[in-house]
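What follows is a short report on a single structure.
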Amino acid sequence: GNSVTQMEGPVTLSEEAFLTINCTYTATGYPSLFWYVQYPGEGLQLLLKATKADDKGSNKGFEATYRKETTSFHLEKGSVQVSDSAVYFCALLPGSNYKLTFGKGTLLTVNP
Amino acid sequence: DGGITQSPKYLFRKEGQNVTLSCEQNLNHDAMYWYRQDPGQGLRLIYYSQIVNDFQKGDIAEGYSVSREKKESFPLTVTSAQKNPTAFYLCATLRGEGSQETQYFGPGTRLLVL
């Protein structure tokens, strides 16, 4: 079956530090890959996506590249801000159905 | 203002009581979903519907029921059979256009048992 594994949190960084949150996946076929962000008490917001191998999704300074050879979709940001503190979810949507599979989420805390 | 509306934001349930969570969308998306979120466990799929008058069980459907009588609405009922209903419930829709499929989420309803 399909699965998503993302690095365990929590992750604590100082402002302006470099961020990497690892995400690897298992899926048949050619899934689309997503990163969602959840701020406290709110629903999930789409952060970025990639639909095929070597695609790079980017938004608000965050980037992730769809690597089929390593089945990975790591999230990166060069300089984090306090306002980036949230839970980040990696997810995949297989090409064969409409059910997303989510990772367990990674809590990021950025200190001033 | 387009989007997904969930109400109420907080809901309290007494033991043995059924409660219904509302989800409405004006995005004209065909597919709708209900997820349950517990701390440290990510999101788990309860039910989903790809079209009006049709829905499928997700991974944790026991103790829940849904209906899809209108494209815009996908209410979730938490029945008394659900023994541990305290959680954050998220409704979502899917825009499906080939490679542009993307899932969008509502703001959530937090259910608490008294």
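Chain naming here is simple, since letters A, B, ... match the order of the sequence lines and numbering starts at 1 in each.
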Count I, L, V, M, F, W, Y as connected when their side-chain heavy atoms are under 4.5 Å apart, and connections chain through other members. Are [X] and [Y] then in the same cluster?
X	Y	value
B:Leu21	B:Met32	yes
A:Leu108	A:Phe89	no
A:Leu48	A:Leu93	no
A:Val110	A:Leu19	yes

Looking only at heavy atoms, the pair that brings B:Phe88 and A:Glu42 closest together is CE2-O, 3.5 Å

Looking at [X], I'd like to know if its [atom1] atom is crowded, meaning that more than 12 non-hydrogen atoms belonging to other residues, nucleotides or ligands lie closer than 6.0 Å.
X	atom1	answer
B:Ile51	CD1	no
B:Lys71	NZ	yes
A:Tyr39	OH	yes
A:Phe18	CZ	yes
A:Gln81	CD	yes

- Looking at side-chain heavy atoms only, is the closest gap between B:Phe105 and A:Leu46 below 4.5 Å? no

Original post:
With a 4.5 Å limit on heavy-atom distance, are the side chains of A:Lys99 and B:Leu45 in contact?
Top reply: yes

Whatever's closer than 4.5 Å to a heavy atom in chain A on B:Gln6 counts as neither

Original post:
Which bit of B:Gln50 is near chain A, if near means a heavy-atom gap under 4.5 Å: side chain, backbone, both or neither?
Top reply: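 Looking at B:Gln50, just its side chain touches chain A.
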
Nearest-0.5 Å distance that lies between atom [atom1] in [X] and atom [atom2] in [Y]:
X	Y	atom1	atom2	value
B:Asp59	A:Thr101	CG	OG1	8.0 Å
A:Phe34	B:Thr102	CZ	OG1	5.0 Å
B:Asp38	A:Lys104	CG	NZ	11.5 Å

Which bit of [X] is near chain B, if near means a heavy-atom gap under 4.5 Å: side chain, backbone, both or neither?
X	value
A:Tyr36	side chain
A:Gln38	side chain
A:Leu44	both

### Task
Find the one option among B:Arg44, B:Gln37, B:Gln56 whose heavy-atom pairs under 4.5 Å with chain A are most numerous.
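Maximum pair count with chain A is reached by B:Gln37.
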
Donor-acceptor under 3.5 Å (B:Tyr33 side chain, A:Leu100 main chain):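 Not confirmed, B:Tyr33 side chain does not pair with A:Leu100 backbone.
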
